[in-house]
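Supplied in structure tokens, the structure appears directly below.
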Amino acid sequence: MCVTALSKICSESQYILSDAAFGELWLPTVVAALKLMELGEEADAEGDKYVSKNEVTVDQLKQQQQDQGYMNSYCPLQAASKTDEDPCSEIPDERAYFAQSLQKVVASHSNKCVPALRSLPADIQLRLKPVLPNVF
């Protein structure tokens, strides 16, 4: 989802594509999206280290409070529960979407994009070469 959002920002944000912000915002955003795709999701539970694994329902909390008095325990907000809805469901492949978005921007703003992309380090250029073969 983050790659899709960054792709949209890179290709649709008039501010990032403007001359005032292009040099300092567009290229780092492209690199950030590329790094996210390369790293993928973390396999370990590092992202969940602040999530309590022992959730207590409201009813359990009320019962324990009646039985024991005061209790310090985590009770998730009912309105703040995770949803399974995917806001990017219309984009099945984020890598393909990133590639298409980048190709469109480079085609329409080649005078700014090509020199900026060619100024990237060689390892990043190597990863972008399959997406933008005409640039590298």
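Quick caveat: nothing in here was measured; it's all calculated off a predicted structure.
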How long is the span from the CD1 atom in I16 to the SG atom in C10, to the nearest 0.5 Å?
->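 Rounded to the nearest 0.5 Å, the CD1-SG separation comes out at 6.0 Å.
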Value rounded to 0.5 Å, distance of CG in L17 from CZ in F22 = 7.0 Å
Report the distance from atom CG of L27 to atom SG of C113, rounding to the nearest 0.5 Å.
-> 9.0 Å
When rounded to the nearest 0.5 angstrom, what is the spacing between CG in L120 and CG in L126?
-> 12.0 Å
Are the side chains of W26 and L117 in touch, meaning some heavy atoms are under 4.5 Å apart?
-> yes
Answer whether the closest heavy-atom distance between the side chains of Y97 and K8 falls below 4.5 Å.
->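 Yes; the side chains approach each other to less than 4.5 Å.
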If Ile, Leu, Val, Met, Phe, Trp and Tyr residues are connected whenever their side-chain heavy atoms lie under 4.5 Å apart, and connections chain through other members, are L102 and Y15 in the same group?
->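 Yes: a chain of side-chain contacts under 4.5 Å links L102 to Y15.
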Steps toward side chain to side chain contact (heavy atoms under 4.5 Å, CB included) verdict (M1, C88) = CA-CA 7 Å; M1 184 171 11; C88 302; 3.7 Å; yes
Taking all atoms of both residues into account, what is the closest heavy-atom pair of C2 and L36, and its distance?
-> CB-CD1, 3.6 Å
Any donor-acceptor pair under 3.5 Å from S119 side chain to A116 backbone |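 Yes, the answer is positive, given that a donor and an acceptor are paired below the 3.5 Å cut-off.
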Please examine the side chains of V114 and H109, heavy atoms only from C-beta on, and report whether any two atoms are closer than 4.5 Å.
->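 They are not in side-chain contact.
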Find the distance between CG (L34) and CD1 (I124) and round it off to the nearest 0.5 Å.
-> 7.0 Å
Which atoms form the tightest heavy-atom contact between F98 and L128, and what is the distance?
-> CE2-CD2, 4.3 Å
Identify whether NZ of Lys or CZ of Arg in K129 sits under 6.0 Å from the centre of the six-membered ring of F136 and within 45° of that ring's axis.
-> no
For the residue pair M37 and R95, what are the closest heavy atoms and their distance?
-> O-NH2, 2.6 Å
What are the two closest heavy atoms between L132 and Q103, and how far apart are they?
->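 Minimum heavy-atom contact is CD2-CG, 3.9 Å.
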Value rounded to 0.5 Å, distance of CD1 in I91 from OG in S7 =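 Answer rounded to 0.5 Å: 8.0 Å.
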